[in-house]
Amino acid sequence: MARYGLRLLYGVIVVWGAFTGAFFLLYIVPGDAAGGLTAGADGADVEQLLAEQRELLGLDRPVLVQYWDALTGALQGDFGQSVYQRRPAVEVYFESFPETLKLAFLGLLLAVVLGVTLSVLIELTDWKWARELLISLPPVAVSLPPFLVGLVLLQVFAFQLHWIKAVGDQSFLGLLIASVALAVAGGGSISQLLTANLRGALTSPYIETARNWGLSRFDIVVRHALRNAALPVVTSLGTTVGVMVGGTVLTETVFSRLGVGRLVVDAVDGRDMPVVLVAVTMSAVIFVVVNLAVDAVYPLLDKRISWDG
């Protein structure tokens, strides 16, 4: 259990680091929220108006004082008010969170299905040319960024086939197509890892015994080799979830979908510090919780690993 306690401590450090990094990164970027609120103002009173807004928002205080207030507030679940929406930043964030959660979850599910299916097909294919073609697909998929796949899908399904709206489509088909853009790179990564582990598993003595029993190739690959080969893939899912959460920002922007991605882009553009901080902190918390959950599940899948190890 000491190992999990250490992992939990690392998780706390990761969340704190994400919060602190986001705060100071946004602070050193030129411009602030007061500038956004006074945009368009003209005349001799602009500087005075800017100073009043900075005082109202507390931006005229020393940066370390602002950081300490933001950190202690976050520890109590209070990230402050959104500069533009005049509502608690936590409330603004969780209004957008369900749409992003659906996109990330469906993207992860499709990535797993795509990766496992491709790896099994590679091992079951007898034709050399087809096998080589399938093996070449995962590296290509990994090299494709989600926004590029999204633009291609948008061109095909919105502008050519007219199956979805080009802007702000909130239908299930729109969600599914956006999820595919997110799943391609993740599926390729899972397939690369799973294919390598399947090759190792298929040369194991227990697989030779299964062959001597006269089992079919499908049974050997799917029922016996796949289970052991999938264990490292389960571990990698923690990292894959982090990639998925990060990829939703660009995917939601490309498909003009409502969600945390667009919220973060707008908040960074307007220097809305409370909204940025709650979004970054929640992303770090999700990443840490998923990795802890994977660590907790791993001993249940492989009896050779104990909770104390």
Side-chain angles (χ1 to χ4, degrees), residues 11-41 46-104 168 170 241-253 256-290:
V12 172
I13 294 174
V14 167
V15 174
W16 170 76
F19 178 91
T20 302
F23 179 90
F24 286 103
L25 191 62
L26 207 58
Y27 182 81
I28 62 175
V29 172
D32 56 28
L37 290 173
T38 57
V46 172
E47 289 300 325
Q48 182 182 349
L49 184 61
L50 200 58
E52 290 175 355
Q53 287 294 340
R54 283 186 175 135
E55 183 179 0
L56 189 64
L57 296 172
L59 300 177
D60 58 336
R61 298 172 299 161
V63 61
L64 291 180
V65 174
Q66 294 182 46
Y67 170 72
W68 179 252
D69 287 347
L71 182 62
T72 53
L75 290 174
Q76 301 171 43
D78 181 10
F79 285 80
Q81 299 272 326
S82 167
V83 174
Y84 298 98
Q85 301 196 36
R86 305 292 185 184
R87 293 185 295 146
V90 174
E91 181 182 316
V92 173
Y93 173 82
F94 279 103
E95 275 184 0
S96 303
F97 184 69
E99 291 300 322
T100 299
L101 183 63
K102 286 190 287 186
L103 178 63
Q170 299 295 318
V241 169
V243 174
M244 290 287 172
V245 172
T248 57
V249 175
L250 291 176
T251 305
E252 287 175 352
T253 303
S256 302
R257 292 183 59 81
L258 299 175
V260 173
R262 286 189 60 191
L263 180 70
V264 170
V265 171
D266 293 341
V268 171
D269 189 47
R271 308 293 188 270
D272 196 343
M273 180 78 81
V275 174
V276 174
L277 289 180
V278 70
V280 171
T281 303
M282 285 306 301
S283 295
V285 168
I286 291 171
F287 181 77
V288 168
V289 168
V290 170

Of the non-hydrogen atoms in Tyr84 and Gly270, which two are nearest, and what is the gap between them?
-> OH-O, 2.7 Å
When you measure from the side chain of Glu252 to the backbone N and O of Gly261, does any donor-acceptor pair fall under 3.5 Å?
-> yes
Side chain proximity check, Phe19 to Val280, heavy atoms < 4.5 angstrom | no
Please tell me if the side chains of Thr248 and Val260 come closer than 4.5 Å, counting only heavy atoms from C-beta onward.
-> no
Pair listing, ring pair (Phe, Tyr, Trp, His ring centres under 6.0 Å) test, anchored in residues 47-74, at least two apart | Phe23-Tyr67, Phe24-Tyr67
Can you find a heavy atom in the side chain of Gln85 that is under 4.5 Å from one in the side chain of Val275?
-> no
Side-chain touch Leu25/Ile28, heavy atoms, less than 4.5 angstrom = yes
Is there a donor-acceptor pair under 3.5 Å between the side chain of Thr72 and the backbone N or O of Asp69?
-> yes
Given side chains that start at C-beta, do those of Val15 and Thr281 come closer than 4.5 Å, heavy atoms only?
-> yes
Evaluate the side-chain proximity of Pro274 to Asp272: yes if any heavy-atom separation is below 4.5 Å, no if none is.
-> yes
So, are Arg87 and Glu95 salt-bridged, with charged N and O less than 4.0 Å apart?
-> yes
Taking side chain as C-beta onward, heavy atoms only, is Val83 less than 4.5 Å from Met273?
-> no
